[in-house]
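Heads up: the structure comes next, in structure tokens.
Throughout, protein chains are lettered first and strands after them, A, B, ... in sequence-line order, and every chain is numbered starting at 1. These figures come from a predicted structure and were not determined experimentally.
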Amino acid sequence: MSEFESTMRQREPRAEDLIKGQTGDWEVILGLEVHAQITSKAKLFSGSSTTFGAEQNTQVSLVDAAMPGMLPVINRFCVEQAIRTGLGLKAKINLRSVFDRKNYFYPDLPQGYQISQFKHPIVGEGEVLLDMADGRVVTVGIERLHLEQDAGKSLHDQHPAMSFVDLNRSGVALMEIVSRPDMRSADEAKAYVNKLRTILRYLGTCDGNMEEGSLRADVNVSVRKVGSPLGTRCEIKNVNSIRFIGQAIDYEARRQIEILEDGGKIDQETRLFDPKTGETRSMRSKEEAHDYRYFPDPDLLPLEFTQELVDGIKASLPELPDNKKARLIAEYGLSPYDATVLIGEAARADYFEAVAKGRDAKLAANWVTGELFGALNREGHSIEETPVTAKQLGELIDLISDETISGRIAKQVFDSMYKTGRDPAKIVQEEGLQQVTDFGAIEAAIDAIIAANPDKVEQTKVKPQLAGWFVGQVMKSTSGKANPQVVNEILARKLGLSSDG
Amino acid sequence: MTDLTSLTLAEARDALKKKEITSVELTGAYLKEMEAAGALNAYVTVTAEKAMEMARASDAKLQKGEGGPLEGVPLGIKDLFCTKDVQTTACSHILEGFVPPYESTVTANLWRDGAVMLGKLNNDEFAMGSSNETSHYGAVVNPWRRQGSDAKLVPGGSSGGSSAAVAARLCAAATATDTGGSIRQPAAFTGTVGLKPTYGRCSRWGIVAFASSLDQAGPIARDVRDAAIMLRSMAGHDAKDTTSVDRLVPDYEAALAGGVKGLSVGIPKEYRVEGMPKEIDDLWTRGIEWLKAAGATVKEVSLPHTKYALPTYYIVAPAECSSNLARYDGVRYGLRVEGRDVTEMYENTRAAGFGAEVKRRILMGTYVLSAGYYDAYYLKAQKLRTLIARDFTEAFSEVDVLLTPTAPSAAFAIGEKTDDPLSMYLNDVFTVTVNLAGLPGISVPAGLSGEGLPLGLQLIGRTFDEETLLRAARAIEEAAEFTAAPGAWWRA
């Protein structure tokens, strides 16, 4: 058994996760290395700004450009962010860790080495719980989290014969978070990145913005016949969206299965995912792999801090997603599914709690996850950009509960609120949407319809289902404002039907 | 005053303060000497205009009775120190034309204290060498010659420009750096005083790095007092170098008065190496007698891991250098030799930009860090380094300072050892241990060889105890009464 194998969680394979091949069922083994850019104003070892999108080479200090004689100085805030993240991953925090140099040549790596942590990372073992769509909770082990510098960016499309280098990103602080090979399907890998992203955003240690490159994943993929030892793995580098992670895994697993079923063997190599073709292709083989010649960086003393610092950070942690989920279920009686949807972002859960306070929690959950999230997704708005405040949505629910408006009218009011940002009571009043419960008025409307349609009345006596037609006519003539329950009751009486039918 | 350049730094400082001389006069005198000393090849860049400008500014302050501890004193700066708007190359072709937009902390400290910059001093390329023959700008010639010979001798290295300039009175004092002996050995070869402070005493910020865990800046000066004065200005904590230490900088000059009465001096028996010339051994014995006569007690101590020091050093230093020099890749500054693609550009640039010794060390360093060799070389060397440091800790539980020779021979001839890197490396046998343990060490001229060349004795102190070290050095200096000087044959 390899060291790798001995550290992974033993899991019974699930039929749904297996991939059918010509020769039988294959199990996919997945482990991820996620690079998360630390949210901080300054870089890991210099005071340069980290703002995204600045003009090229305007956020570069002498240290970032590796001028002769320049020395790195650790940014304490970045260290605290790594500790905070480690605590959020329920991981062991190492009070002493060591920065190493990872040596390789590349034009966007000014020092000729990346300062990273190799043998002694700042954070040790932890875990992440995945909330799967079917309600399963999958535990994924975290092997380690370490601090390292980002490289700059090579620009190959600026000049026909030359490449340019932008060093704005050079030296920006990254956390590399390494999982155990505990995932067994693309869905689990996607759920892992999603959950990790959620945790980081709760902690405020990484904005999780995959488009801007704040979160990138290297995906390790191997396949094996159920019950067989681990297969040879390939590493797919720098996949930068959750959708691509799924595509890359699907393609890569299939590719490996085909090779193995044709009697071939998998070469351990580094591969790239091409979003245009949806395929992975070889980047470098094991033989071409760099010898990084790691050794402790003599410019930096070992990174040491006290347990008091860790305890202080621990005391300041926000409620984390798993705890919030459990609390929403316990406190509001939500389904695990609704709770999972709500905790995706802390702001969404906060919104829900503001709406649900003192109201029917289930109704609040339906309105928040159904109407509001639906509208936000449709319009491409974040929860922070919602035109409907939690207070307004709460008021709308109150109008339903006190029967001022029907649920159907409420949806119409909500659309209007979303478009205009106006208060629901105002919309209902100005547009005259109050529910009509005036028996006399409804009865008059019903009488008019019955009088105009004697043939339908006769038919209804034979076929009671036709009563629905009368309901529709009444609603039409009252612009939908008639209290449906009152309509049903009066109609049943007038048509000689039992009202509870 | 007719011969201003014969003044020591302390004498010049005092004369300037008393307005007996001006910095413009003094600086002018040095610039004249420098111009006449082209044969020594000590300076690679002369900053005459800047020097006179700084001198005038100093004089203005001195006139008003103001100014820092080094106000108006002209210094030479090793080309390893980055100097703002003044070309800094570490004497490598690869950095030719590089003009830093920043000033190293150590030189900034010197300018803060009023010193005047005369120019940049030659050194072995990237400070890799023991003879100053690896410089891209050519070898430095030692002002000293063997009696009855005009063979050109090396001034030691890597701070050969610094030692030669101080010995030939081309500056009042010079900055230098020491990674394995690069301050002390050249001082010994030129009859000057070279002080390598405790690792962390001076900031490394802005000094072109050779081996980060060993590099330390220090002065080469005419006597112990001058070295003490220089160190006080150079030293100090720097937030930009996290390996520099936040400790008060003492008045080292004041410490000189302390004497050595009651001081316990250790003689490490393992330094009595096989094949050591008798005159070096005799010098060492004389040193022991001098310290005894001045009131110190002397005892033999053991540093059992000494024999591993050279191999350990020649693993650790090249390993760090192979990584430190990776930044010289032709991408951002310095030399670039184009190629068909980026890999070829790297190869062409580094092949043309680095000299043979630098390449040798990069190769050695890359090798010892490689997968499969790391444990056998680098890791083992780190363990030995710990043992070597522990030897010293144990010795210093018994004694206050250690006395050894600085180098196993007097200055040798240019070209004599260039084909034999190993025998060149052996020159560092008494000095590298001090760097590996991070201790302060000083070389004091103590006598002449049979051929009339200066020889030095080395004192090694406890970490951050430069004061005791300087006291002991002063005692040797007083007893040795070293007054010999090289004939000024180089004057054009």
Let me confirm one number: the CE-NZ distance from A:M70 to B:K240, rounded to the nearest 0.5 Å.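 Spacing of CE (A:M70) from NZ (B:K240) equals 7.0 Å.
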Working to the nearest 0.5 Å, report the span between CZ of A:R293 and OH of B:Y378.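 Interatomic distance, A:R293 CZ to B:Y378 OH, rounded to 0.5 Å: 13.0 Å.
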Could you check which of [options] has the highest count of heavy-atom pairs closer than 4.5 Å to chain B?
options                        : value
A:V165, A:L301, A:N103, A:D299 : A:D299
A:S163, A:P110, A:G112         : A:P110
A:P296, A:A65, A:P107          : A:P107

Verify whether one side chain among B:R327 and A:Y113 offers a donor that lies under 3.5 Å from an acceptor in the other.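 There is such a pair (donor and acceptor under 3.5 Å, judged by atom type) between the side chains of B:R327 and A:Y113.
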Non-neighbouring partners of B:Y199 that pass ring pair (Phe, Tyr, Trp, His ring centres under 6.0 Å), sequence neighbours left out: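 Once residues adjacent in sequence are excluded, B:Y199 has no partner under the ring pair (Phe, Tyr, Trp, His ring centres under 6.0 Å) criterion.
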Counting only heavy atoms closer than 4.5 Å, note whether [X] contacts chain A via side chain, backbone, both or neither.
X      : value
B:R204 : both
B:A211 : neither
B:Y373 : neither
B:V342 : side chain
B:F81  : neither
B:P100 : neither
B:N324 : both

Determine whether the aromatic ring centres of A:F295 and B:Y374 lie less than 6.0 Å apart.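 Not close enough - the centres of the two rings lie 6.0 Å or further apart.
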Check whether more than 12 heavy atoms from other residues, nucleotides or ligands sit under 6.0 Å from atom [atom1] of [X], and answer yes or no.
X      : atom1 : result
B:Y137 : OH    : yes
A:K153 : NZ    : no
A:Q158 : CD    : yes

According to the interplanar angle, ranging from 0 to 90°, do the rings of B:Y346 and A:F105 count as parallel (below 30°), tilted (30 to 60°) or perpendicular (above 60°)?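 Aromatic pair B:Y346/A:F105 classed tilted.
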Considering all heavy atoms of both residues, which atom of A:P68 and which atom of B:V208 are nearest to each other, and what is their separation?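 Nearest pair, atom of A:P68 first, then B:V208: CB-CG2, 4.0 Å.
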Might you point out which heavy atoms bring A:R101 and B:S323 nearest each other, and give the distance in Å?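 Nearest heavy atoms, A:R101 then B:S323: NH1-OG, 2.9 Å.
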What residues of residues 86-95 of chain B sit under 4.5 Å from chain A when only non-hydrogen atoms are counted?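 Residues B:L95 are the ones that qualify, each having a heavy atom under 4.5 Å from chain A.
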Test log, rule side chain to side chain contact (heavy atoms under 4.5 Å, CB included), inputs B:T242 and A:L300: CA-CA 7 Å; B:T242 50; A:L300 290 159; 4.2 Å; yes
Who among B:A319, B:A239, B:S370, B:G330 has the most heavy-atom pairs with chain A under 4.5 Å?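 Winner by heavy-atom pair count: B:S370.
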Under 4.5 Å heavy-atom distance to chain B, tell me which part of A:Y294 shows up: side chain, backbone, both or neither.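 Only the backbone of A:Y294 comes within 4.5 Å of chain B.
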Could you tell me whether a side-chain N or O of A:D291 sits under 3.5 Å from a main-chain N or O of B:A371, the two making a donor and an acceptor?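 Present.
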Taking side chain as C-beta onward, heavy atoms only, is A:L62 less than 4.5 Å from B:P101?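 The answer is yes, as the side chains (C-beta and beyond) meet within the 4.5 Å cut-off.
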